[in-house]
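Structure record follows, encoded as structure tokens.
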Amino acid sequence: MQNPYLPYPVRIDEIITETEDKSLKTFKFVFLNASDEDKFTYESGQFGELSIAGLGEIPIGIASSPVEKGFIKFTVFKTGKVTSYLHAMKEGDIMGVRGPLGHPFPWETLEGKNIVIIGGGFAFTTLRSSIISILDPANRSKFKDIHVIYGARAPGMLLYKEELAEWAQRDDINMNITVDGTDDPDWKYLTGFVPTITEQKAPPGNDDTYAIICGPPIMIKFTQPVLDNLGYSHDNIIMSLENRMKCGIGICGRCNIGKEFVCKDGPVFTLSQLNNMPKEY
Amino acid sequence: MSKPNPRLIKMKEYTEKIREIAKRLLNDGIVDMVIGFRKGTLPMMNQPHIATCTDSADELMWDSNCGLNLANYVTDRKEKIGIVAKGCDSRNLVTHVIENKIKRDQLYIIGIPCSGMIDHHKITAMFDTDITSVKESGESITISGNDFSKKLIKQDVLCENCAACTHRNPVEYDELVADLVEEQTDVDPYESVTEIESMDAEEKWNYFEDLISPCIRCYACRNACPLCYCPTCFVDESTPQWVGKSQDPIDVRTFHLLRAFHCAGRCTDCGACERVCPMGIKIREFTKKLNKDCLELYGWEAGLSLDERPPLDTFKTDDPDEFIK
Amino acid sequence: MKLIKIDQQNWNTGIEKAKSAYRVFGPVKEKNDYEFKVLGTNEMPDLNFRNTRLSPKSIIYPQSQVMFTYSIDETKDDCRIMKEVENVTSPMAIIGVRPCDALSFPIVRRNFDTPEYQDTYWIKAYEATTFVGLACNSACDTCFCTSAGTGPFGEKGLDVLIIKDGDDFYTKIITPKGEAFAESAGWGKKEQTDITAKIKELKTAAEASVSSTVSTDKLKNKTILDLYDAPFWEEEAFACINCGTCTYVCPTCWCFDVQDETHGKSGIRMRNWDSCMFPLFTHHASGHNPRNNKHERVRQRFMHKLKYYVDKYDSGIQCVGCGRCIRLCPVNIDIRKICDKMNNFDTESCKCEATSS
């Protein structure tokens, strides 16, 4: 019996400050024990519990893709006790990771389909993982058209700016990068809220087209009617929820919405499933 | 026959009067709700009840098992509220008004001259089998089970705080349900405090360690207390975390001692904390000491008047204490 | 299954003998009520009790449990690396578990022992424990075990069932663990079938004495959203003071919180019981709280016990009818009343009636 509460020890290999206000940093972790890396086999959409002894644990979506070997990446927003401490840590420091936890996006169902990825703010982390997985030569042919709509408040608040720019050059993915507003004369992408851009750029919904949405509640609230109008069925709209978690493995009882545990039965749910669950999130 | 004998008070009359007042207040639109008690599903237990219409007002009742402090339910509410209050409850309502937790003009206080609540922990411990009914009649209480029936004298099984209560009548009210009762004068609410004060330091330490050893950190005592209304209690604070969450005796001790000090000068000895503790801990041993100190140092008893600020809340330039100089 | 009859003398010597192979727990009168405690030398379980105040869940699953230790000494190699605590898993035996409490263990096991994850702490402690139950010859007013999937002579979750009749202990040995316990207690293995009729007589009388029932037959057929949106929650939740009493005394409640505590250069990661009744239970770091209101928390508790668990595991309610929450709730919120309300809730006419007491 493996103790599911025991974190794998990891070393911080690299820290990148993603946003101009320094509230978001991407941490690259390397496992201290190679055998732990083998056990940590994950798919895009899953999350891990980052564990700092003396502080606690936080559930964070995995930003790296399984096709990236030798490390795992997480992008963390500084908001509380554990995240503040993590932001102050240095490359070379030791901490722990538990996982992979939760259900990934439904990759089997998505094979052979068009995928529209819609993200806002710092909820884009597992979407980065998804995009890298999809674009990998071994995987790209499994999917049809890929559209991405990603927005942040301002250019300086976008995550993964270099990668976004690279993807924008590719012809096997339609990137729509937007900001709410900017004074930057060199801004070469779009301006407008995510729901507005979705209305303009997303392909019409049909049986072969799925939308994956990750973002703050306000963005989802206004994007969903847009997708409804475009004809997306609620079975084809995939979302990833957040909730307060502790164990991450469906045992401590904290994160339930109805009879589902967000950590174990989710965090990925279709909108059809969510429609039948209490609105307790 | 100058003053009514408190022991002949009929609970049935109280019940009828409360219902009549409640229905009148609701029908006339004077209040949005009336908070009182309704009959519970167990003998000696009643449930705090909120009546918003005539039908639910008919569920209101009163007997000697109404020991919870209903002032606990009005904190920070915005509506006009009719509330049933005995002596201690009314003093907590006064404290609430002084502490800005409710406005006086939001409240219609239905005053209950009280002859004391019975101690259901004490009575349950007297019998080996289930108690199926408890009937009051004047000064006696009949406890019955499947195969027994015993008559007790109500005075003998009152809650400890009720037996020594000197503020049985409501101090602030809009209407009374019955005539005022005689206040007790030959009682000492601080008898056990004096006993503990005479112990030496080690005895006191052991006494209190033993007292709180069964504590399971359920916080029923804190949550039943009208004084404990901090948005985030100090034991729940996490940044920074002041108190640990485990059963470490240091943390359990910190919780009880600090909470008692937070209630100093404000506690009315309503006994709700002891009534609700699932482990039967005599929580009032902490607060009674602080009440006695406030009385001796400042001549202060909490919640007796809307016009006086508590001594720990204010200062006078002619304060006899040295610290002000 | 073996049936044997033990007399008082053999019972006493047997319990004492068993202590050399097991840590033996039994009901002991503490201050003003009974609790399960480790029995010392010559200390006997006091079986003159209705039930213990706190449930025996704390024997398998203590209120405060250390999971890991760590050092934050940066000069050490193992700085910030979590180390598992060596759990004590020597055999334990709990004497005098009532059938309601016994059923709670298989119910709770579904949470801690899943195909995907196994809570090693709970499982190891549970598997090291032998449950020696005591049948109830008569029920309390607050017992509704027969509505909750067991009964006063119920055997679910037990390794041995004792039926006390005066100074006689009719003993049903149910599982191999039970056999091992009987063996170590030195009790005879003689089959005695002439007490079967006697046991049946006592059982019938005990079951007839259960006066409290709740209806649970329609819970499964209602939708979660219908019950969730029912109009009675605010009124039923009014009296609640959001303490943790019901969840802490309940044998089938299991929620916990994980915390690190550091003293100097070393620390522990521990778990403590937590309660969905506490306002901060679901509080997010952002400040958002999906259950900010009292009635939402009260609703969560009853929906979890009487609906979510029912749907998730298809094996009845997450309640064993022990009655502790009813007796100890300071404001008399009664799960029987709420269960009936939920079971009889009629969405069409928006009417709900409590049918039993």
Side-chain angles (χ1 to χ4, degrees), chain A residues 1-11 32-33 49 51-58 77-84 89 93-96 98 101 216-217 242-265 275-281, chain C residues 67-72 74 78-84 111-112 114 116-124 223-225 228-229 253-262 267 269 271 274 276 280-291 296 299-300 303-304 307-313:
Chain A
M1 250 194 308
Q2 196 193 343
N3 184 339
Y5 302 100
L6 181 65
Y8 302 127
V10 293
R11 192 181 65 249
L32 291 189
N33 305 319
E49 286 270 1
S51 168
I52 305 180
L55 274 300
E57 292 190 330
I58 40 171
F77 177 62
K78 178 177 165 182
T79 180
K81 208 165 74 161
V82 183
T83 47
S84 299
M89 288 174 91
D93 280 348
I94 306 287
M95 45 179 280
R98 282 198 297 123
L101 302 174
E242 283 179 1
N243 216 355
R244 173 151 180 188
M245 296 179 191
K246 273 286 171 169
C247 69
I249 54 178
I251 293 184
C252 77
R254 187 176 302 264
C255 68
N256 77 299
I257 295 175
K259 65 176 168 69
E260 321 294 341
F261 285 123
V262 175
C263 67
K264 186 177 173 192
D265 302 304
N275 289 339
N276 286 326
M277 287 158 63
K279 297 252 176 307
E280 225 171 35
Y281 45 89
Chain C
M67 299 165 82
F68 302 102
T69 56
Y70 55 83
S71 152
I72 55 166
E74 301 201 353
D78 59 0
C79 178
R80 294 212 188 272
I81 296 183
M82 288 289 180
K83 293 207 208 18
E84 261 184 277
N111 180 61
F112 285 100
T114 68
E116 301 87 1
Y117 303 107
Q118 295 83 46
D119 185 309
T120 45
Y121 305 94
W122 194 95
I123 295 172
K124 283 188 191 158
T223 67
I224 285 182
L225 286 181
Y228 185 84
D229 292 327
C253 273
W254 59 59
C255 288
F256 59 87
D257 184 27
V258 180
Q259 277 240 311
D260 291 356
E261 253 185 30
T262 311
R269 175 165 288 176
R271 67 171 168 201
D274 205 347
C276 57
L280 295 178
F281 188 68
T282 48
H283 184 259
H284 291 202
S286 61
H288 171 60
N289 189 345
R291 294 189 203 127
E296 291 167 339
R299 170 175 60 190
Q300 155 66 16
M303 286 295 285
H304 188 244
K307 182 57 184 157
Y308 302 152
Y309 185 91
V310 170
D311 281 1
K312 204 172 170 111
Y313 297 108

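Residue numbers start from 1 in every chain, and the chains themselves are labelled A, B, ... in the order their sequence lines are given, proteins ahead of strands. Nothing here was measured: the structure is a model prediction, and the numbers come from that model.
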Of the listed Ser51(A), Gly96(A), Gly258(A), the one with the largest count of heavy-atom pairs under 4.5 Å with chain C is Gly258(A)
TODO: Could you tell me whether Lys259(A) and Asp265(A) have a side-chain N and a carboxylate O separated by less than 4.0 Å?
DONE: no
| Over 12 foreign heavy atoms within 6.0 Å of CD, Gln259(C) | yes
Whatever's closer than 4.5 Å to a heavy atom in chain C on Asp93(A) counts as neither
The salt bridge (charged side-chain N to carboxylate O under 4.0 Å, His left out) partners of Arg269(C) (sequence neighbours excluded) come to Glu57(A), Asp260(C)
Note: vs chain C, highest number of non-hydrogen pairs under 4.5 angstrom among Met1(A), Lys246(A), Glu280(A) is Glu280(A)
Of Asn289(C), Asp257(C), Thr262(C), the largest count of non-hydrogen pairs under 4.5 angstrom with chain A goes to Asp257(C)
Greatest number of non-hydrogen atom pairs under 4.5 angstrom with chain C, of Ala53(A), Gly250(A), Pro7(A), falls to Ala53(A)
If one checks every heavy atom of Gln300(C) against chain A at 4.5 Å, the contacting part turns out to be side chain
When the 4.5 angstrom heavy-atom criterion is applied to His283(C) and chain A, the contacting part is both
So, the part of Phe68(C) with a heavy atom under 4.5 Å from chain A: the answer is side chain
Under 4.5 Å to a heavy atom of chain A? For Cys276(C) that would be neither
Quiz item: So do Val262(A) and Ile257(A) actually touch side chain to side chain, heavy atoms under 4.5 Å?
Solution: yes
Turns out that what part of Met245(A) lies under 4.5 Å from chain C's heavy atoms comes down to neither
Bottom line for Arg80(C): the part with an atom under 4.5 Å from chain A's heavy atoms is both
Highest number of heavy-atom pairs under 4.5 Å with chain A among Met303(C), Glu116(C), His304(C), Glu74(C) belongs to Glu116(C)
Honestly, the part of Glu261(C) sitting under 4.5 Å from a heavy atom of chain A is neither
When the 4.5 angstrom heavy-atom criterion is applied to Phe281(C) and chain A, the contacting part is both
Margin query: Are Phe261(A) and Ile251(A) packed together at the side-chain level, in the sense that at least one heavy-atom pair is separated by less than 4.5 angstrom?
Written below: no
If you tally heavy-atom pairs under 4.5 Å between each of Lys264(A), Lys279(A), Glu242(A) and chain C, the highest tally belongs to Lys264(A)
By salt bridge (charged side-chain N to carboxylate O under 4.0 Å, His left out), Asp229(C) pairs with (sequence neighbours left out) none
> Taking side chain as C-beta onward, heavy atoms only, is Leu101(A) less than 4.5 Å from Tyr117(C)?
Replying inline: yes
Bottom line for Lys81(A): the part with an atom under 4.5 Å from chain C's heavy atoms is neither
The interface call for Ile52(A) against chain C, heavy-atom contacts under 4.5 Å, is both
Most heavy-atom pairs under 4.5 Å with chain C, out of Asn256(A), Asn276(A), Leu55(A), belong to Asn256(A)
Could you check whether atom NZ of Lys78(A) has more than 12 heavy atoms from other residues, nucleotides or ligands sitting under 6.0 Å from it?
no
Turns out that what part of Met82(C) lies under 4.5 Å from chain A's heavy atoms comes down to both
Per-residue tally against chain C (heavy atom, under 4.5 Å) across Pro278(A), Gly56(A), Pro4(A), Gly80(A) peaks at Pro278(A)
task = Tell me, with the steps shown, if Leu32(A) and Arg11(A) meet side chain to side chain contact (heavy atoms under 4.5 Å, CB included).
result = CA-CA 7 Å; Leu32(A) 291 189; Arg11(A) 192 181 65 249; 4.0 Å; yes
inquiry  = I want to check something: taking the side chain as every heavy atom from C-beta on, are Arg254(A) and Asp274(C) in contact at a cut-off of under 4.5 Å?
reply    = yes
Turns out that what part of Tyr309(C) lies under 4.5 Å from chain A's heavy atoms comes down to neither
Under the 6.0 Å and 45° cation-pi test, does Arg98(A) pair with Tyr8(A)?
no
Item checked: Arg271(C) charged N/C atom sitting above Tyr5(A) aromatic ring, 6.0 Å / 45° -> yes
Rounded to the nearest 0.5 angstrom, the CD1-CG distance for Ile249(A) and Asp119(C) is 6.5 Å
query = Taking Tyr70(C) for the side chain and Gly54(A) for the main chain, is one N or O donor matched with an acceptor at less than 3.5 Å?
reply = yes
Okay, Phe112(C) and chain A: the region with an atom under 4.5 Å from a heavy atom over there is both
If one checks every heavy atom of Pro9(A) against chain C at 4.5 Å, the contacting part turns out to be side chain
